[in-house]
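Written out below as structure tokens is the structure these notes cover.
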Amino acid sequence: MAGWLNEEESKVYNYIRGDVRGTVGHLSCPDGGLLTVEVIRTKADIKGAVKQGKPEATINLELEGNIADVECHVDLTKPETIEELETRSEKEIEEMLRRTITKVQQKFKTDIFGFGEAIHRSSPKEWSRIKEDWSRQFAELPVHVKVKVEIRRVGTVTDSFTNRLEE
């Protein structure tokens, strides 16, 4: 065993491996407070390639979610608000993925995500050339991350409880 992942890193590992069936995440609101997003569906796709003799990987992660709780001042009836929340979610999740991948590459130097398998599938001849040195190659592997978040439903949570308390 190479080491331990914390809660966030474990969640990222499961996102990348495609093992998330449902979870909850929090998103900070622009003016303070939190939104809770229930993730109802995820799809992860890992692609490997060898370009100019160097291996690289790409992760495409798609998430669908619902707004489960609102504890801030935000108007969920406006499409631009939903788009902004989706964009902010994408950036936060992308950062989580990058932090975790970098930690695993630098600290553990063990390919727990399956990037080597993806490279082997896409370029078997190149894989046979690099597999003996994979630990070192993995530690330096460029990983491209693309995250797409879609908020499907806001349910009856269109007006924050805090808004109603102030009235």
Locate the shortest heavy-atom distance separating [X] from [Y]; write the atom from each residue and the value.
| X | Y | result |
| --- | --- | --- |
| Glu8 | Arg99 | OE2-NH2, 2.9 Å |
| Phe115 | Ala57 | CD2-CB, 3.8 Å |
| Arg129 | Gly53 | NH2-O, 2.9 Å |
| Val145 | Arg98 | O-NH2, 3.6 Å |
| Gly48 | Ala118 | N-CB, 3.6 Å |
| Ser28 | Leu34 | CA-CD2, 3.9 Å |

Determine whether [X] and [Y] make a side-chain contact, defined as any pair of heavy atoms from C-beta on separated by less than 4.5 Å.
| X | Y | answer |
| --- | --- | --- |
| Asn14 | Lys11 | no |
| Val104 | Thr102 | no |
| Thr36 | Ile67 | no |
| Phe108 | Trp4 | no |
| Arg153 | Ile40 | yes |
| Trp127 | Val50 | no |
| Glu56 | Val143 | no |
| Leu85 | Thr87 | no |

Tell me whether the count of non-hydrogen atoms from other residues, nucleotides or ligands lying under 6.0 Å of CD in Glu7 goes above 12.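 No, CD of Glu7 has 12 or fewer neighbouring heavy atoms, counting only those of other groups under 6.0 Å.
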- [ ] Might you confirm whether atom CD of Glu132 has over 12 heavy atoms from other residues, nucleotides or ligands at distances under 6.0 Å?
- [x]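 Atom CD in Glu132 is not crowded, with 12 or fewer foreign heavy atoms closer than 6.0 Å.
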request  = Please report the C-alpha distance between Val147 and Leu63 in whole Å, then the side-chain angles of each, then the deciding distance to 0.1 Å, and finally whether the side-chain contact (heavy atoms from CB on, under 4.5 Å) criterion is met.
outcome  = CA-CA 8 Å; Val147 177; Leu63 292 98; 4.0 Å; yes
Inset, instruction - Evaluate the criterion side-chain contact (heavy atoms from CB on, under 4.5 Å) for residue pair Asp69 and Leu35; output intermediate values, then yes/no. - result: CA-CA 6 Å; Asp69 186 34; Leu35 269 165; over 6 Å; no
Supply the atom-to-atom distance [X] [atom1] to [Y] [atom2], rounded to the nearest 0.5 angstrom.
| X | Y | atom1 | atom2 | value |
| --- | --- | --- | --- | --- |
| Ser89 | His26 | OG | NE2 | 12.5 Å |
| Lys146 | Glu62 | NZ | CD | 11.5 Å |
| His120 | Lys125 | NE2 | NZ | 12.5 Å |
| Glu94 | Ile59 | CD | CD1 | 10.0 Å |
| Glu126 | Lys54 | CD | NZ | 11.5 Å |
| Tyr13 | Thr100 | OH | OG1 | 12.5 Å |

### Message
For Ile130, is there any backbone N or O sitting under 3.5 Å from a side-chain donor or acceptor partner on Gln137?
### Response
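Not confirmed, Gln137 side chain does not pair with Ile130 backbone.
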> Is there a donor-acceptor contact under 3.5 Å from the side chain of Thr42 to the main chain of Tyr15?
Replying inline: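 Not a single qualifying donor-acceptor pair exists.
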- request: Flag the pair Lys47 and Asp45 as a salt bridge only when some basic side-chain nitrogen lies within less than 4.0 angstrom of an acidic carboxylate oxygen.
  value: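 Yes.
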Pair Arg152 + Glu64, salt bridge at N-O below 4.0 Å
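Salt bridge flag = yes for Glu64 with Arg152.
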Next on the checklist: Under 4.5 Å between side-chain heavy atoms, counting indirect links through other Ile/Leu/Val/Met/Phe/Trp/Tyr residues: same cluster for Leu5 and Leu61 or not?
Outcome noted: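 They do share one cluster, since a chain of ILVMFWY contacts under 4.5 Å joins Leu5 to Leu61.
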**Report entry** salt bridge (Lys or Arg N to Asp or Glu O under 4.0 Å) between Glu140 and Arg136, worked out
**Finding:** CA-CA 7 Å; Glu140 300 169 3; Arg136 186 188 64 76; 3.1 Å; yes
Review point. Between Ile101 and Lys103, is a side-chain contact (heavy atoms from CB on, under 4.5 Å) present by the stated rule, with each step listed?
Key: CA-CA 5 Å; Ile101 292 166; Lys103 176 183 177 178; over 6 Å; no
- Query: Angle class for the Phe113/Phe138 ring planes (parallel below 30°, perpendicular above 60°, tilted otherwise)?
  - Reply: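 The rings of Phe113 and Phe138 sit tilted, inter-plane angle from 30° to 60°.
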Practice prompt. Could you give me the CA-CA distance, side-chain angles and deciding distance for Val154 and Asn66, then say whether side-chain contact (heavy atoms from CB on, under 4.5 Å) is met?
Written response: CA-CA 6 Å; Val154 294; Asn66 299 325; over 6 Å; no
